[in-house]
Amino acid sequence: MLASWYDDQGPAADVLHVGELPDPVPGPGEVRVRVTVSGVNPGDTKKRRGWLGSSMPFPRVVPHSDGAGVDARRVGQRVWVYGAQSYRPFGTAAQYTVVPDHQAVPLPDHLSDELGASLGIPGITAHRTVFADGPVDGQPVLVHGVLGGVGSLAAQLAHWAGATVIATVRRTADLSRVDAAVVSHAVALDTGEPAAAIRSYAPRGVERIIEVALSDNADLDNAVAANNAVIAAYATRTDRTEIPFWPLLFNNVTLRLLGSDDFPADAKRQAARDLTSAAAVDALTVAVGDRHPLDDIAKAHDHVDARGGHGRILVNIPQ
């Protein structure tokens with residue numbers, strides 16, 4: 001099969017190779033998927049770079065955990081794939097990948113491969129941020145970074161589940177890009193009083209806060225959290241992040257930290273079911289940014305590392 005891989009960590013152009021590898025063989029309880037589109041996540045490029053001192057988990061890695069394609073053992077059923085390179089050596093940046101049966105999720109015929117390849121890591125992370133602490137029907141939910149991959153899906157899932165979604169963007173100029181059909185109220189963080197603006201929409205405070213930059217927003221979150229609120233944080237800008245401990249404690253706030261590779265298996269399966277169900281009724285959309293051929297996979301990784309542009313970065317796999 002045609003595939004991309006790396007045997008050493010480092011810059012994308014230096015370590016990513018494209019060529020022929022043996023077709024993978026499924027073991028017990030596994031399926032082999034013919035990949036059409038591979039989704040690139042920041043986690044994929046961080047593994048390749050050796051982020052935070054991480055080492056090569058296997059002698060050779062075919063990158064990317066997310067993708068879409070066809071499961072030949074299910075009579076050519078279209079599927080979307082998650083977790084292909086989570087604790088496994090060979091991901092979706094190849095014509096074939098092998099995953100446990102439940103990680104190849106049936107993709108309804110009216111949904112695109114591009115959407116399927118965009119659901120995995122960001123979608124399952126978004127689902128966990130919204131639902132890990134119970135239903136959100138009728139509750140105000142604050143989603144920071146609503147224009148990002150996880151934030152956008154979190155807002156859509158919360159709206160699908162009956163929440164009132166309040167969202168933030170970094171700049172006032174970005175407010176026009178927020179989907180008013182999903183987000184009831186949007187606030188720009190470069191305004192003078194974002195906490196007051198959020199409180200005007202949720203006078204009793206926010207029950208659930210979806211956090212993409214805890215180091216930046218800890219004081220803001222403290223100012224708008226309701227008693228017994230949950231801050232569900234999946235990212236931060238500073239490794240040793242400070243929080244206003246005592247005010248959060250006296251407000252009985254729960255801080256939930258979320259790393260998608262190690263979510264409970266049942267939570268991942270429920271997320272996959274819900275993501276597919278929501279997408280099937282057009283409650284989920286994903287903005288696609290640049291698409292690259294497999295030969296240009298290094299450019300796709302560089303684009304993700306640079307965080308340039310908007311939308312999901314995808315790699316087309318030749319058939």
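Keep in mind that what you see is a predicted model, and the values were worked out from it rather than measured. The residues of the chain are indexed from 1 along the displayed sequence.
Here the side chain of Arg128 pairs no donor or acceptor atom with the backbone of Tyr234 at under 3.5 angstrom. With Lys47 contributing its side chain and Val61 its backbone, the two residues share no donor-acceptor pair below 3.5 Å. A distance-only check finds a donor-acceptor pair linking the side chain of Gln103 to the backbone of Tyr82 [under 3.5 Å]. A distance-only check finds no donor-acceptor pair linking the side chain of Asp44 to the backbone of Pro63 [under 3.5 Å]. Asp179 places a side-chain N or O within donor-acceptor distance of the main-chain N or O of Ala181, the cut-off being under 3.5 Å. One N or O on the side chain of Gln95 and one on the backbone of Pro318 form a donor-acceptor pair closer than 3.5 Å. Of the possible polar contacts, one joining the Thr92 side chain to the Asp66 backbone as a donor-acceptor pair under 3.5 Å is found. Checking side-chain atoms of Arg78 against main-chain N and O of Pro108 turns up a donor-acceptor pair under 3.5 Å. In terms of modelled atom types and a separation under 3.5 Å, the side chain of Arg208 and the main chain of Val130 share a donor-acceptor contact.
Annotation for Ala279 and Leu111: closest pair O-CD2, 3.5 Å, computed over non-hydrogen atoms. Residue Ala84 comes nearest to Thr97 through the heavy atom pair CB-OG1, 4.0 Å, listed as atom of the first residue, atom of the second, then distance. Here the closest non-hydrogen pair linking Ala158 and Val136 is O-CG2, 4.3 Å. In terms of heavy atoms, Ala188 sits closest to Leu175 at N-CD2, 4.0 Å. Residues Val62 and Ser4 share a closest heavy-atom pair of CG1-O, 3.4 Å. Of all non-hydrogen atoms in Pro26 and Pro24, the two that sit nearest each other are CD-O, 3.9 Å.
For the pair Leu107/Thr276, no side-chain contact is recorded, criterion being any heavy-atom separation below 4.5 Å from C-beta on. Between Val35 and Tyr96 the shortest side-chain heavy-atom distance does not fall below 4.5 Å. With contacts defined as side-chain heavy-atom distances shorter than 4.5 Å, the pair Asp23/Arg32 qualifies. No side-chain heavy atom of Gln139 sits less than 4.5 Å from a side-chain heavy atom of Val206. Side-chain contact between Phe131 and Leu157 is present, with heavy atoms from C-beta onward closer than 4.5 Å. Between Met56 and Pro89 the shortest side-chain heavy-atom distance does not fall below 4.5 Å. In this structure, Ile231 and Leu248 have side chains that are in contact, with non-hydrogen atoms separated by less than 4.5 Å. Side-chain contact check for His303 versus Val40: every heavy-atom pair is 4.5 Å or farther apart.
For the residue pair Thr241/Ser215, the side-chain donor-acceptor check at 3.5 Å is not satisfied. Side chains of Asn217 and Glu211: a donor on one and an acceptor on the other come within 3.5 Å. Using modelled atom types and a 3.5 Å distance limit, the side chains of His144 and Thr168 yield a donor-acceptor pair. A donor and an acceptor atom, one from each side chain of Arg204 and Asn227, are nowhere located under 3.5 Å apart.
Annotation: Lys299, atom NZ; neighbour count of heavy atoms from other residues, nucleotides and ligands within 6.0 Å does not exceed 12. Applying the 6.0 Å contact sphere to CG of Asp14 captures more than 12 heavy atoms from other residues, nucleotides or ligands. Enclosure of atom CZ in Arg170 is not indicated, since only 12 or fewer non-hydrogen atoms of other residues, nucleotides or ligands lie within 6.0 angstrom.
A side chain to side chain contact (heavy atoms under 4.5 Å, CB included) with Leu220 is found for one member of Asn222, Asp216, Val224 and no other, namely Val224.
Note that OG of Ser277 is 10.0 Å distant from CG of Leu284, once rounded to the nearest 0.5 Å. Here the CG atom belonging to Asp290 is positioned 13.5 Å from the CZ atom belonging to Arg312, to the nearest 0.5 angstrom. The NE2 atom of His301 lies 5.0 Å from the CG atom of Leu16; values are rounded to the nearest 0.5 Å. Atom CD1 of residue Ile297 and atom CG of residue Asn316 lie 11.5 Å apart, to the nearest 0.5 angstrom. Rounded to the nearest 0.5 angstrom, Arg60 CZ and Trp5 CH2 are separated by 5.5 Å. From Ile313, atom CD1 reaches atom CG of Asp302 across 11.5 Å, with rounding to the nearest 0.5 Å.
Linking Ile, Leu, Val, Met, Phe, Trp and Tyr whenever their side-chain heavy atoms come within less than 4.5 Å leaves Val183 and Leu142 in two separate clusters. In this structure, Trp80 is not a member of the same hydrophobic cluster as Val70, with clusters built from ILVMFWY side-chain heavy atoms closer than 4.5 Å. In the hydrophobic clustering of this structure, Val79 does not group with Phe90; members are Ile, Leu, Val, Met, Phe, Trp, Tyr whose side-chain heavy atoms approach within less than 4.5 Å, directly or through other members. The same ILVMFWY cluster, assembled from side-chain heavy atoms under 4.5 Å apart, contains both Leu258 and Ile210. Linking Ile, Leu, Val, Met, Phe, Trp and Tyr whenever their side-chain heavy atoms come within less than 4.5 Å leaves Ile166 and Val230 in two separate clusters.
Asp274 is linked by a side-chain hydrogen bond (donor to acceptor under 3.5 Å, both in side chains) to His127, Gln270, counting only residues two or more places apart in sequence or in another chain. Residues meeting the side-chain hydrogen bond (donor to acceptor under 3.5 Å, both in side chains) test with Glu242, sequence neighbours left out: none. Under the side-chain hydrogen bond (donor to acceptor under 3.5 Å, both in side chains) criterion, Ser65 pairs with no residue, sequence neighbours left out.
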Starting from the C-alpha separation in whole Å, work towards a yes-or-no answer on side-chain contact (heavy atoms from CB on, under 4.5 Å) for Ser54 and Gln9. CA-CA 9 Å; Ser54 61; Gln9 292 168 308; 3.9 Å; yes

Can Gln319 and Thr36 be said to form a side-chain contact (heavy atoms from CB on, under 4.5 Å), step by step? CA-CA 7 Å; Gln319 303 301 299; Thr36 57; 3.9 Å; yes

Verify side-chain contact (heavy atoms from CB on, under 4.5 Å) between Val98 and Val25, making sure each step is shown before the conclusion. CA-CA 7 Å; Val98 166; Val25 178; over 6 Å; no

Would Leu255 and Leu214 count as a side-chain contact (heavy atoms from CB on, under 4.5 Å) if you check the C-alpha gap in whole Å, the side-chain angles of each, and the deciding distance to 0.1 Å? CA-CA 10 Å; Leu255 176 58; Leu214 184 62; 4.1 Å; yes

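For Arg48 and Tyr6, the positive end is not near the middle of the six-membered ring at less than 6.0 Å and at most 45° from its axis.
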